[in-house]
Amino acid sequence: MKLDLDRLIVESLGEFLSHVRITNWIGRENEAISLFAFGFLQKHIKPTQIGIEVAVAPSPNKGINSHVRKDLAIWPASDMNRFFPRP
C-alpha cells in the first residue's frame, strides 16, 4: 500500500512540475498546494484522502491532545484524520 501511494505521489508531482514549467505558472505556496492536490493528485487517489491545512499526529513532546498542522496531508485510507481511526 505504501509503495503504491509513494508511486502515485511521485507521478502526481511530476505532472504538476511539468505543468508549472510548460505554462510558466506562478502563485503562492497555498495556491500551489491547492493546484497540486485538486489538479493532479486527486486524479490518482480518493479526494477523502487529501487534507489541506489539517492537524496530524500528536507532537511527541506534548500531550495526547496536541497536534501539528500541515499544509498537505495524504491519508493512507479514506475518511482518516488526526482523530480517526482511534489509536
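The chain is numbered in sequence order, starting from 1.
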Asker: Residues two or more places apart in sequence or in another chain: which of them pass salt bridge (Lys or Arg N to Asp or Glu O under 4.0 Å) with E11?
Answerer: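 Only R7 meet the salt bridge (Lys or Arg N to Asp or Glu O under 4.0 Å) criterion with E11.
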Asker: Could you grab the distance from atom CD1 of I74 to atom OG of S12, nearest 0.5 Å is fine?
Answerer: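 It is 7.5 Å, given to the nearest 0.5 Å.
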Asker: Among residues two or more places apart or on two chains, list those pairs meeting salt bridge (Lys or Arg N to Asp or Glu O under 4.0 Å) that have a residue in residues 69-81.
Answerer: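 Non-adjacent pairs meeting salt bridge (Lys or Arg N to Asp or Glu O under 4.0 Å): zero.
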Asker: Going by side chain to side chain donor-acceptor pair (under 3.5 Å), name the residues that satisfy it together with S78, two or more places apart in sequence or in a different chain.
Answerer: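 Testing S78 for side chain to side chain donor-acceptor pair (under 3.5 Å), a comparison that skips the adjacent residues, returns T48.
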Asker: List in chain and number order the residues that pass side chain to side chain donor-acceptor pair (under 3.5 Å) with Q42, two or more places apart in sequence or in another chain; answer none if no residue qualifies.
Answerer: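 Side chain to side chain donor-acceptor pair (under 3.5 Å) list for Q42, sorted by chain: empty.
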Asker: Could you walk me through whether L5 and W75 pass the side chain to side chain contact (heavy atoms under 4.5 Å, CB included) test, one step at a time?
Answerer: CA-CA 10 Å; L5 185 56; W75 306 106; over 6 Å; no
Asker: Do I52 and F38 have side chains that approach each other closer than 4.5 Å (heavy atoms only, starting at C-beta)?
Answerer: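 In short, these two side chains touch, coming nearer than 4.5 Å.
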Asker: Side chain to side chain contact (heavy atoms under 4.5 Å, CB included) with L41: which of I50, L13, L35, I33?
Answerer: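 Single side chain to side chain contact (heavy atoms under 4.5 Å, CB included) partner of L41 among I50, L13, L35, I33: I50.
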Asker: Go through the structure and list residues passing ring pair (Phe, Tyr, Trp, His ring centres under 6.0 Å) with H19, not counting sequence neighbours.
Answerer: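 Listed in chain order: F40.
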Asker: Write out all pairs satisfying salt bridge (Lys or Arg N to Asp or Glu O under 4.0 Å) with one or both partners inside residues 31-53, taking only residues at least two apart or from two chains.
Answerer: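 Those involving residues 31-53 are R28-E31.
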